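All figures in this text were calculated on a predicted structure; none of them were measured in a lab. Letters go in sequence order (proteins before strands), and every chain restarts at 1.
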There are 2 protein chains.
Amino acid sequence: MRKPVRRRAAALVTIDQVAHRAGVSLMTVSRVTNGHECVRERTRERVMRAIRELNYKPNPAARALAAARADRIALLYANPSAGYLSELLLGTLDGAGLTGCQLVVQKWEGADGGGERARARARQLARDADGVLLPPPLCESQPLTAALEGVQVPCVAIAAGLATPGMSCVRIDNRRAAHDMTTHLIRLGHRAMGFIKGDPNQSASAQRFEGFRHALADAGVPFNEAWVAAGDFSYRSGLRAAEHLLAARIRPTAIFASNDDMAHAVISVAQRRRLSVPRDLSVAGFDDTLMATTVFPELTTVRQPIAPMSQEAIALLLEATRRKRLNLDAEPEDRLFEHELIERDSCAPPRGASSATS
Amino acid sequence: MRKPVRRRAAALVTIDQVAHRAGVSLMTVSRVTNGHECVRERTRERVMRAIRELNYKPNPAARALAAARADRIALLYANPSAGYLSELLLGTLDGAGLTGCQLVVQKWEGADGGGERARARARQLARDADGVLLPPPLCESQPLTAALEGVQVPCVAIAAGLATPGMSCVRIDNRRAAHDMTTHLIRLGHRAMGFIKGDPNQSASAQRFEGFRHALADAGVPFNEAWVAAGDFSYRSGLRAAEHLLAARIRPTAIFASNDDMAHAVISVAQRRRLSVPRDLSVAGFDDTLMATTVFPELTTVRQPIAPMSQEAIALLLEATRRKRLNLDAEPEDRLFEHELIERDSCAPPRGASSATS
DNA sequence: TTGTATGCGTTATCAA
DNA sequence: TTGATAACGCATACAA
C-alpha cells in the first residue's frame with residue numbers, strides 16, 4: 001500500500017469544501033451551480049451562502065473535462081469601427097478570462113443578404129458556440145436575430161439602444177448620457193451647439209439625439225435645426241457633417257458628435273480650417289474608445305463601461321446556456337449600466353465667455 | 001459490482017489510443033507531447049507518427065486540470081493604432097482558440113519609465129502568464145525586454161522589423177514587401193513617387209523605406225528627397241506628411257505610406273485639396289488593417305498574414321514554455337512569413353499615362 | 001529510458 | 001429531492 005500523494009497546494013476552494021460547509025453532498029452543490037431546478041429552495045440557499053462565504057469559483061477546466069464541453073461564446077461583429085471593435089474585444093476578452101470560457105470572434109457579413117444564407121450561417125454558429133454576443137448594429141438586424149432565433153441559440157445584445165424583444169440586453173442609458181454631456185457643454189457656457197447624429201438604423205442614435213434636445217430644452221437653450229447634421233458613426237460621415245456645420249453662416253461654438261470616430265473627424269476638419277480646438281470650437285464624442293486619447297487634443301467623451309458590460313453579458317449568456325441545456329426557459333434580462341463623463345481637452349468655455357452659469 | 005458506464009461517444013482521440021498504436025505506454029506519449037528529452041529518438045518518432053496518423057490533439061481541459069494550470073499567454077500592447085490592435089487581437093484570438101490556451105491582454109504603459117517600475121510590472125506578468133507576445137513597438141523597447149529577461153518569461157516578438165537578439169520572432173520581410181509595392185506602382189506607370197516613413201524607433205520603418213528606394217533604383221526611377229516625408233505611423237503624422245508632399249512644387253503622382261493609418265490620412269488630405277484618388281493621386285498603404293476597406297476608395301496595401309503569424313507565435317511560445325518548465329534552454333527562432341499585395345481601388349495609372357511598362 | 005498508479009475538480013449515472 | 005461513485009483525459013510521483 002502506498003500513501004496517497006497530494007498534488008495541489010490545496011489553495012483553491014473546491015466543491016467538496018462548499019458541500020461540507022453547507023452540510024450537503026457535492027452533487028447538490030453541482031446542481032445548484034448549474035441551475036438545476038430539482039433542489040429544494042432551502043437547500044439551495046444554504047449552498048449559495050456557503051459558496052459566497054468561501055468565495056467558491058468552479059474550476060473551468062474540471063468542468064470542461066467532466067462535461068465534455070467547454071463554454072464557448074461567439075462574438076459577432078460587422079461594419080466595425082476599428083476603435084469600437086478593439087474596445088469590445090478587450091472587454092469581452094477580460095470577461096471571458098474571468099469565467100474561463102472561450103471566446104470565438106466572427107465577422108458577420110451578409111446579414112442583409114438575409115434568408116437562407118443567414119440561416120445556414122446561424123446553424124454553423126449554433127455548432128460552434130453555446131451562446132452569441134451581439135454588439136451593434138447586429139443586435140438590431142432583423143434577418144440575423146430571426147436566424148439565431150431559428151436555431152435556438154441564446155443571445156445577448158450588448159450596448160444596444162433599446163432592448164430587443166425576447167433577447168437579453170446589457171446597455172447604458174444613451175438618452176441620459178447624451179443629456180449629461182450636453183448639459184456639461186451648456187455649463188461651460190456654450191449656447192450655439194451643433195450635433196452630429198449616428199446611424200439612423202441604430203436605436204441608440206435617436207436616443208442620443210433625444211438626450212441632446214431635451215438637455216437644451218431643460219436649460220432653455222434654443223435648438224437650431226441648421227446645427228444638426230446627419231452621420232452614420234463612420235469617420236467619413238463625420239467629415240461631411242463637420243464640413244456642413246462649420247460652413248454655417250453662424251458657426252456653433254461646440255459640436256457634440258454621436259461617437260468618437262465622428263468627433264475625431266470634426267477635429268480634423270476644424271484644424272484644416274485653422275480653428276483651434278478647444279479655443280475656437282469644443283468637440284465632444286461618445287464611447288471613449290482608444291482613439292479618444294490618440295487624437296490631439298484628447299477627446300472629452302462619454303464612457304460606456306464596456307468591460308463590465310461585457311462581463312455581465314457573458315454571465316447572462318452562460319446562465320442562459322445552462323438553462324437551455326436543462327430545457328428551462330429563460331426570461332430576457334435588461335441590465336442598465338452607469339455611463340461616465342470623461343473630461344479631457346477637447347472642450348472648454350467658448351471664446352470670450354466667462355465659464356459657468358450654474 | 002456495477003458495469004462500467006461510458007460517458008463519451010468515444011469520438012475523440014485520446015492519449016491511450018496513441019499509446020496503443022505506437023506500442024508504448026501513455027506516459028511515453030505524454031513525455032513526447034510535452035517535449036521531455038529523456039525519450040529515445042526512435043520511440044519518439046514512433047509516437048509522433050501515431051499522433052499524426054490519428055490526428056491526436058491533447059485535450060486542453062484535461063491538461064489544465066491535471067497540471068493545475070492552463071496555458072496563459074499575455075499579449076502586451078502600447079500606442080495602439082486601433083486598426084492594428086484589433087487586427088492583432090483577432091489574429092491571436094484565433095490562434096489561442098486553436099491551441100486551447102488563454103489569452104491575457106494588457107496595456108503596457110511606462111515602458112519608457114524604465115527601471116524599477118518596469119521590473120515590478122514584469123514580475124507581475126510572470127505570475128499572470130507563462131509567455132508574452134510582443135507586437136511593435138514593444139518588441140524593440142529596451143527597458144521592457146530587459147525587464148522580461150530579468151524575470152525569465154519566454155517572449156516572442158510578432159511583426160518586428162528585425163529579430164531581437166535572444167528572442168524568437170515571427171515576421172515578414174518588410175524590405176521585400178515595400179519593394180514589391182513600389183514596383184507595382186512603377187508598373188502602373190508612376191515615376192513621381194512619394195513616400196511617408198514610419199516611426200523611426202521601429203526597425204520596420206527603415207526596412208520599408210529601404211525597400212522603396214531599392215525598388216526605384218532597380219527600375220531606374222529617380223529618387224527625389226523632396227518626396228519623402230517623416231511620419232510615426234499615426235494618422236496625425238500622416239496628415240502632416242501628406243500636406244507637405246502635396247504642397248510640393250511638383251506633386252508626386254503616387255504616395256506610398258508606411259502603414260494604413262497614414263495612407264488614410266493621405267486620402268483625407270487629397271480629398272480636401274480636391275484631388276481625386278486614384279485619378280489624380282494613387283495612395284498605397286501597409287498592413288491591411290480593417291481600415292483599409294473602411295475608407296473610400298479602399299486601400300491598395302500590403303497584407304501581413306497576422307492570423308497565421310499569431311498562431312505561429314503562440315505555438316513558439318507554448319513550446320518555449322514547456323522547455324522552460326523542464327529547464328531546457330530554447331534556441332530563439334526567426335520565422336519569416338510571406339506578405340501579399342492587395343490591390344484595391346486607391347491606386348491606378350497616373351493621368352495621361354498609358355498603363356504598363358513591363 | 002519506460003511503465004504503473006493515482007490525483008486533478010467536476011459532472012453524469014444510478015440508486016436511495 | 002438527495003447522495004454515492006464512476007468516469008473525463010492527462011500529468012505527476014515513483015518504481016522498474
If you compare every side-chain N and O of [X] against the phosphate oxygens of [N] (OP1, OP2), does one of them come in below 4.0 Å?
X	N	answer
T33(B)	dC10(D)	no
T43(B)	dT2(C)	yes
R63(B)	dC10(D)	no
N59(A)	dC8(C)	no

Using a cut-off of 6.0 Å, state whether more than 12 heavy atoms not belonging to [X] lie near its atom [atom1].
X	atom1	value
E41(B)	CD	yes
M27(B)	CE	yes
E53(B)	CD	yes

Roughly, in whole Å, what's the span from [atom1] in [X] to [atom2] in [N]?
X	N	atom1	atom2	value
L54(A)	dG9(C)	CG	P	15 Å
R31(A)	dT11(C)	CZ	P	11 Å
I15(A)	dT5(D)	CD1	C1'	14 Å
R69(B)	dG9(D)	CZ	C1'	15 Å
D16(A)	dA4(D)	CG	P	12 Å
H36(B)	dT2(C)	NE2	P	13 Å
R46(A)	dG3(D)	CZ	P	8 Å
R42(B)	dT2(C)	CZ	C1'	14 Å

- [ ] Answer with base, sugar-phosphate or nothing: what part of the nucleic acid does N34(B) contact at a heavy-atom distance below 4.0 Å?
- [x] sugar-phosphate
Open item on the list: Heavy atoms only, 4.0 Å cut-off, all strands: where does V39(B) land among base, sugar-phosphate and nothing?
Closed with: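 It contacts sugar-phosphate atoms only.
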Task: Non-hydrogen side-chain atoms of Q304(B) and F337(B) separated by less than 4.5 Å - done: no
TODO: Would you sort out whether R322(B) and D71(B) count as a salt bridge (charged side-chain N to carboxylate O under 4.0 Å, His left out), showing the intermediate values?
DONE: CA-CA 10 Å; R322(B) 301 243 154 77; D71(B) 285 317; 3.2 Å; yes
Taking only the side-chain heavy atoms of [X] (C-beta and beyond), determine which of [options] contains the nearest atom.
X	options	value
L65(A)	dA12(C), dG9(C), dT12(D)	dG9(C)
T14(B)	dC14(C), dG9(D), dT10(C)	dG9(D)
R40(B)	dT1(C), dC8(D), dG9(D)	dT1(C)

Open item on the list: Using the rule side chain to side chain contact (heavy atoms under 4.5 Å, CB included), only one of L133(A), I158(A), V170(A), T99(A) pairs with L317(A); which is it?
Closed with: L133(A)
- [ ] Determine the minimum heavy-atom distance between D130(A) and I73(A), stating which atoms define it.
- [x] OD1-N, 4.5 Å
Open item on the list: Which heavy atom of V153(A) sits nearest to which heavy atom of A126(A), and what is that distance?
Closed with: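 Reported closest heavy-atom pair: CG2-CB, 3.5 Å.
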Task: Proximity to DNA chain C (any heavy atom under 4.0 Å), residues of residues 20-28 of chain B only - done: V24(B), S25(B), M27(B), T28(B)
Open item on the list: If the helix axis at each end comes from five base pairs, how far does the helix from dT1(C)-dA16(D) to dA16(C)-dT1(D) deviate from straight, to 10°?
Closed with: 30°
TODO: For R127(A) and Q124(A), test the side chains for any donor-to-acceptor distance below 3.5 angstrom and give the result as yes or no.
DONE: yes
Open item on the list: Within this structure, what is the CG-CG distance for the pair L89(A) and L103(A), rounded to the nearest 0.5 Å?
Closed with: 7.0 Å
